[in-house]
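What follows is a single structure, written as structure tokens, with notes after it.
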2 protein chains.
Amino acid sequence: MDVRTLCLGILTLGDASGYEIRKMFADDAIGEVFDANFGSIYPALNRLTEEGLVVCTAQAQEGRPDKKVYSITAEGRTLFTHELMKVPARDRFRSEFFVTLLFADLLPGDRVGDLIDGRIAHHQQEVARLEALARQESAGALNTPFMVGFGLAHHRLAVSYLTENRHLLENAGSPVAQIAE
Amino acid sequence: MDVRTLCLGILTLGDASGYEIRKMFADDAIGEVFDANFGSIYPALNRLTEEGLVVCTAQAQEGRPDKKVYSITAEGRTLFTHELMKVPARDRFRSEFFVTLLFADLLPGDRVGDLIDGRIAHHQQEVARLEALARQESAGALNTPFMVGFGLAHHRLAVSYLTENRHLLENAGSPVAQIAE
DNA sequence: TATCCCATGTAAAGCGTTACATGATTTA
DNA sequence: TAAATCATGTAACGCTTTACATGGGATA
């Protein structure tokens, strides 16, 4: 499943331009589990057009490039539903934050605490963002409540886990900890 | 932060061959947050050797290729600690499973339930694997308990979230749900 | 006045995955 | 006897990111 397939998927929800598709990846529930930027979306839409999976109608605008609105074709819809029936590839996750913490012993004493403070703040921001997203109950057939609920649960868990377990890293090897033993 | 940097990091824990580094990504805590396979590890080690960040001593073996054991140099250690001081890049997450569920409305009725059943089983397997990993309390200076604890919390959350919220997808638009309203 | 938003696109570089190539030993 | 483990490496392909290129309108 690549950006091209996901563009097709988004177009099953209604016509859209490349710019609007990008906005969905940035702001909507789908962005929680898949990212795509202009550099891959525009070529993907061109290729989908060549393949006859979408059609494009240009809307003239003043002072900016024509807005190119894409619509999925019957063949496109068929292809996408077949894609959905495939066994989903395993999740991919990469976190430089956690990599850094795995090597916490190599860092200066205060660095670990600062990193964790920043991370907790980040997760709290994400919670706020997703709560706002949930309130929008916005357009599209995407199952937003299910997805946003999972994101919220995840970020809340992260806040509490980090708060409750940071001592595992912050006290490691410090003089205080060694005296206490 | 790329595979090359991570190889360097693993070598701060002790000498290792490319094969052993790969095993760490596959079996140890670091594999929870970063993946790397032979195709990237071997070239990375060669480049690190050229750059003088690691040194290599070949151990002759019978019936198989010489085992090439790598040791980090002082310069390598310095470079890695500098890497750790950088602001970590944001996490990357991609999930075809969740993408599929976002488009649950396009799937046959029983498909969604099957997907979720399989996913719950997967998370339960991961819980079992991480519990075993935690029991090993194995080698290296990696902060395994902290990392494994997070992984366990995550997979347990996923099991309960999916169990408690699957009705949001499974009843959507079905006749029963519409009659009930 | 400055920043953000709208709007599309290209090209190159970077990075990683996958497949291929080889082959002995140990375990089930 | 089949499969997994040990052991290293190359090459091609694929995908994504980043930077570049352009520019008007709206908002703060």
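So that the names make sense, note that chain A is the first sequence line, chain B the second, and so on, each numbered from 1.
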Whole Å only: how far is the CZ atom of B:R47 from the C1' atom of D:dT8? 20 Å
Nearest-nucleotide 5' precedence on DNA chain C, A:K67 against A:S40: A:K67
Quick one: is A:R92 getting a side-chain N or O under 4.0 Å of the C:dT17 phosphate, OP1 or OP2? no
When we call it a touch if two heavy atoms are under 4.0 Å apart, what does B:R4 touch: a base, just sugar-phosphate, or nothing? nothing
Using the closest heavy atom to pick a nucleotide of DNA chain D for each, name whichever of B:P43 or B:E20 lands nearer the 5' end. B:E20
What is the separation between atom NZ on A:K23 and atom C1' on C:dA7, rounded to the nearest whole Å? 11 Å
Spacing between B:F38 atom CZ and C:dT22 atom P, to the nearest angstrom: 18 Å
Rounded distance in Å - CZ (B:F34) to P (C:dT17): 9 Å
Think A:K68 has a side-chain N or O under 4.0 angstrom from the OP1 or OP2 of C:dG9? yes
Closest of C:dG9, C:dT8, D:dT5 to the A:S17 side chain is C:dT8
For atom CG of B:N37 and atom P of D:dA11, their distance in whole Å: 17 Å
Output the single nucleotide from D:dT8, C:dC5, D:dC6 whose closest atom is nearest the side chain of A:Y19. C:dC5
Rounded to whole angstrom units, what separation is found between the CD1 atom of A:I21 and the P atom of C:dT8? 9 Å
Is it true that B:R47 and B:E50 have a side-chain N and a carboxylate O under 4.0 angstrom from each other? no
So, A:F146 versus B:Y161, ring centres under 6.0 angstrom or not? yes
Taking B:R129 first and then B:D27, would you say they form a salt bridge - that is, a charged N and a carboxylate O separated by under 4.0 Å? no
A:Y70 has an atom OH; how far is it from atom C1' of C:dA7, in whole Å? 11 Å
Looking only at heavy atoms, which two atoms of A:E96 and B:D91 are closest? And how far apart? N-OD1, 4.4 Å
Using a cut-off of less than 4.0 Å, is there contact between a side-chain N or O of A:Y42 and OP1 or OP2 of C:dT8? yes
Ignoring hydrogens and angles, state whether a donor on the side chain of A:N46 or A:T49 is under 3.5 Å from an acceptor on the partner side chain. no
Roughly how many Å is it from CD in A:E96 to C1' in C:dC15, rounded to a whole number? 13 Å
On the nucleotide C:dT8, are OP1 or OP2 found under 4.0 Å from the side-chain N or O atoms that A:R22 carries? no
